[in-house]
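Every chain is numbered from 1, with letters handed out A, B, ... down the list of sequences.
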Protein chains: 2
Amino acid sequence: MAATIKQIAGRLNVSVATVSRALNDLPGVGEKMRRKVRRTAAELGYVPDFHARALVSGKVPFLGLVVPDITNSFFPALALAVEEAAAASGQSLILLNTNWRRDRLAQALELLSSRRVSGLIVAEPLDAAILDSVDLETVSNGLVLAGVEAPGGTGLCSVMVDDRDGGMQVGRHLVECGAHRIAFVGGPSESPNSRDRLEGLTIGLGISGGAAAIVSVTDGAWTEESGYRQADRLLRDMVPDAIFAANDLLAIGVMRRLVESGIAVGRGVALAGYDDTHVVSLTSVPITSVAQPTAQVGSLAVKLLGQMLSGDSGCGDAVLKPSLVARSSTLEFSNLHVLAPRDAQGA
Amino acid sequence: MAATIKQIAGRLNVSVATVSRALNDLPGVGEKMRRKVRRTAAELGYVPDFHARALVSGKVPFLGLVVPDITNSFFPALALAVEEAAAASGQSLILLNTNWRRDRLAQALELLSSRRVSGLIVAEPLDAAILDSVDLETVSNGLVLAGVEAPGGTGLCSVMVDDRDGGMQVGRHLVECGAHRIAFVGGPSESPNSRDRLEGLTIGLGISGGAAAIVSVTDGAWTEESGYRQADRLLRDMVPDAIFAANDLLAIGVMRRLVESGIAVGRGVALAGYDDTHVVSLTSVPITSVAQPTAQVGSLAVKLLGQMLSGDSGCGDAVLKPSLVARSSTLEFSNLHVLAPRDAQGA
DNA sequence: TTGTAAGCGTTATCAT
DNA sequence: ATGATAACGCTTACAA
């Protein structure tokens with residue numbers, strides 16, 4: 001069905017070389033000839049075969065983005081940013097969703113070795129075991145981590161967002177809101193992101209000098225369900241002043257559990273999430289969250305990847321800053337518990 | 001860097017054919033030999049070159065899903081379903097986001113002609129102009145529409161969800177809830193999906209015998225912003241009993257506008273959306289919506305695509321049924337306006 | 001059981 | 001300005 005340059009050449013009684021040159025705007029073809037070739041190519045509905053081209057040229061105009069959970073709106077947002085940046089450099093984006101499954105992640109890394117994509121941006125943690133299963137040489141030369149830290153030892157390139165700083169902002173904010181007993185609801189216990197956010201929280205509380213105590217639970221998943229379960233476990237022992245959930249999905253789960261107990265979010269308990277996905281501004285009580293600079297992460301990741309692929313440099317690791325977005329889930333608590341000279345009037 | 005079968009063959013002093021056979025579990029290789037080949041392949045970190053393989057075999061283990069707006073959670077949900085179905089048949093999913101841009105859509109269709117993917121599932125409308133820009137023969141033989149209707153004339157294959165039925169369910173429900181003046185907030189005026197939902201609404205109202213009037217506004221985008229603007233325009237003329245928004249994004253925009261006017265959603269005005277995305281269950285007043293059977297749409301689309309690709313049949317168009325999920329945004333209205341013998345007790 | 005060789009559709013390097 | 005022709009890495013008849 002699909003026409004080839006050979007067929008075009010046959011029709012016109014010229015060589016395939018001429019056709020190729022004409023179609024690719026290369027010099028060395030007469031203007032008349034070029035037009036003729038163009039016309040018959042159009043007539044035959046010619047579309048260049050991607051694989052043949054990639055095979056000989058060694059170039060693939062695809063870039064892969066690997067995300068762990070596409071139903072977590074944070075990742076579509078990141079995807080949008082990456083896609084935009086990629087389009088600007090003439091590359092199309094392939095989105096791979098691993099669903100947090102390690103075999104799918106390993107499979108995704110193979111895309112690089114098998115040259116299905118020119119480069120890969122990975123937005124979930126890579127551990128040593130995964131890296132063992134692939135050729136590190138190949139991988140490290142076309143992979144950029146986004147939003148997750150590079151495993152020690154591997155000289156992997158990454159664009160990070162400062163999770164500790166984000167946690168710290170939350171810590172300070174919560175203390176300012178008058179919270180004392182603070183609970184942390186985390187992601188997987190082995191997740192550096194989760195750990196760093198907790199660590200930041202601790203630091204933030206300390207800085208503020210408010211004698212605050214932390215309780216922390218974690219149970220292995222960045223999901224709403226997990227948030228619900230952790231809150232459930234938490235409430236058996238205590239009702240904290242504030243809960244910091246390591247991402248928005250968890251926060252929403254926590255909120256559901258609180259509502260079930262008749263605890264008013266924002267009044268009874270302050271609540272903060274992480275990622276600032278769109279939904280947290282839509283919930284019955286809008287939830288305070290930490291916004292990641294997705295647009296910058298995306299464009300920087302694409303830029304670094306481009307540099308690596310063109311062999312420019314080793315890798316310029318980058319760390320960006322997140323920013324707290326305060327909403328009713330904490331502000332309301334603040335109004336009830338803090339004597340704020342100016343703000344008290346407005347409440 | 002990346003090893004080739006030629007190198008493996010060289011190392012072992014055998015022919016490339018033997019290596020190929022050994023690696024692909026084809027008959028005609030001694031067990032000893034096969035093991036030797038396997039071992040050196042592993043040592044050299046061999047990964048088959050995707051393009052070379054596709055070039056000769058004509059097969060590509062990729063399937064493309066084209067969505068118009070990845071930040072609309074309906075599409076990630078669909079993607080998940082398609083991905084699952086694809087994985088079951090050994091294919092990986094490539095997700096293309098067009099951002100509602102026609103050039104990106106045209107570009108996506110080229111993936112098929114250029115054999116970057118074996119088949120394409122498209123979840124946004126194709127019009128004649130777009131189809132003109134590609135070879136219809138090629139396209140119609142490897143494309144399945146999902147959730148959108150096939151343009152007349154083209155024998156394109158599609159998996160539809162009955163939008164009219166969905167609209168009808170909403171219409172009946174709204175009348176049952178005691179609404180009389182009903183407004184429709186639509187997507188793009190030329191969108192069959194939007195039109196069908198409106199048409200269904202009209203029918204549903206008629207069936208119920210409730211003398212209900214419809215006002216309809218539409219302005220070109222399936223976005224929250226558009227919902228907000230349309231509600232704004234609407235409120236200049238009237239405050240309806242109920243508003244049916246053609247998708248959840250619009251519904252959320254509408255809700256934002258209502259809240260700004262101090263109109264209590266569910267009490268002052270009933271509200272219904274479409275798609276039943278996760279967020280509508282999380283809003284301050286949970287929003288009634290129509291759930292599409294995404295899982296079925298996904299698996300059916302993949303199945304039909306598989307049949308087409310293996311040349312089994314022309315195409316068995318399918319139409320699935322959506323189902324209304326009633327929530328407070330309408331139920332509360334109902335409790336206030338309807339004398340329902342049984343339900344009144346429970347309220 | 002193994003080797004030889006002919007493609008697959010391009011691009012690119014020579015000649016002419 | 002155009003034509004042969006050799007790659008690219010792999011699969012697959014066809015021989016041996």
Side-chain angles (χ1 to χ4, degrees), chain A residues 1-38 40-41 44-62 110-118 135 138, chain B residues 1-38 40-41 44-62 110-118 135 138:
Chain A
M1 296 295 122
T4 69
I5 53 171
K6 209 184 257 175
Q7 294 173 20
I8 300 180
R11 267 264 212 131
L12 265 50
N13 280 319
V14 297
S15 74
V16 293
T18 303
V19 174
S20 176
R21 283 187 283 249
L23 256 23
N24 291 316
D25 276 323
L26 293 176
V29 195
E31 209 29 59
K32 263 196 333 199
M33 186 47 127
R34 175 158 292 162
R35 263 199 293 277
K36 263 205 300 193
V37 170
R38 283 257 165 79
T40 50
L44 267 47
Y46 169 77
V47 178
D49 184 292
F50 176 67
H51 304 290
R53 185 172 275 182
L55 184 56
V56 56
S57 77
K59 283 170 188 167
V60 187
F62 276 162
E110 287 250 306
L111 295 189
L112 198 50
S113 325
S114 60
R115 306 189 326 111
R116 287 164 164 92
V117 298
S118 62
D135 180 27
T138 312
Chain B
M1 298 295 122
T4 70
I5 54 170
K6 209 184 256 173
Q7 294 173 21
I8 300 180
R11 267 263 214 129
L12 264 50
N13 281 318
V14 298
S15 73
V16 293
T18 302
V19 175
S20 174
R21 284 188 282 249
L23 256 24
N24 291 315
D25 276 323
L26 293 175
V29 195
E31 207 30 58
K32 262 194 335 198
M33 186 46 129
R34 175 157 292 162
R35 263 199 293 276
K36 265 205 299 194
V37 170
R38 283 254 165 80
T40 49
L44 266 47
Y46 169 76
V47 178
D49 184 292
F50 177 66
H51 303 291
R53 186 172 272 181
L55 185 55
V56 57
S57 76
K59 283 170 188 169
V60 187
F62 277 162
E110 287 250 306
L111 295 190
L112 199 49
S113 324
S114 61
R115 305 189 328 113
R116 286 163 165 93
V117 298
S118 63
D135 180 27
T138 312

Start with the C-alpha distance between B:Phe50 and A:Leu111, add both sets of side-chain angles, then the distance that settles side chain to side chain contact (heavy atoms under 4.5 Å, CB included), and finish with yes or no.
CA-CA 9 Å; B:Phe50 177 66; A:Leu111 295 189; over 6 Å; no
Measure CD/B:Glu31 against P/C:dT2 and give the value in whole Å, please.
11 Å
Please report the distance, rounded to the nearest Å, between CZ in A:Arg34 and C1' in D:dA1.
11 Å
For the helix from C:dT1-D:dA16 to C:dT16-D:dA1, how many degrees between its two end axes (five pairs per end), to the nearest 10°?
40°
Candidate pair A:Leu23 and A:Tyr46, rule side chain to side chain contact (heavy atoms under 4.5 Å, CB included), full reasoning
CA-CA 10 Å; A:Leu23 256 23; A:Tyr46 169 77; 3.7 Å; yes
For nucleotides 7-15 of chain C, 5' to 3', base contacts (B), sugar-phosphate-only contacts (S) and non-contacts (-) with protein non-hydrogen atoms under 4.0 Å give BBBBBBB--
Look at all strands and tell whether B:Gly30 reaches a base, only sugar-phosphate, or nothing, counting heavy atoms closer than 4.0 Å.
sugar-phosphate
Any chance you could lay out the side chain to side chain contact (heavy atoms under 4.5 Å, CB included) test for A:Lys6 and A:Val19, step after step, and finish with the verdict?
CA-CA 8 Å; A:Lys6 209 184 257 175; A:Val19 174; over 6 Å; no
Taken to the nearest whole Å, CD/B:Gln7 to C1'/D:dC8 is 13 Å
Taking every non-hydrogen atom, the tightest pair across B:Ala22 and B:Val29:
N-CG2, 3.9 Å
Kindly say if B:Ser15 contacts the phosphate of C:dG3, meaning a side-chain N or O under 4.0 Å from OP1 or OP2.
yes
Residues, nucleotides or ligands: over 12 heavy atoms within 6.0 Å of A:Arg11 CZ
no
Verdict with reasoning, B:Thr40 to B:Leu12, per side chain to side chain contact (heavy atoms under 4.5 Å, CB included):
CA-CA 8 Å; B:Thr40 49; B:Leu12 264 50; 3.4 Å; yes
Closest approach of B:Pro61 to A:Arg116 (non-hydrogen atoms, all atoms of both residues):
CG-NH2, 4.0 Å
Parallel, tilted or perpendicular: rings of B:His51 and A:His51 (30°, 60°):
tilted
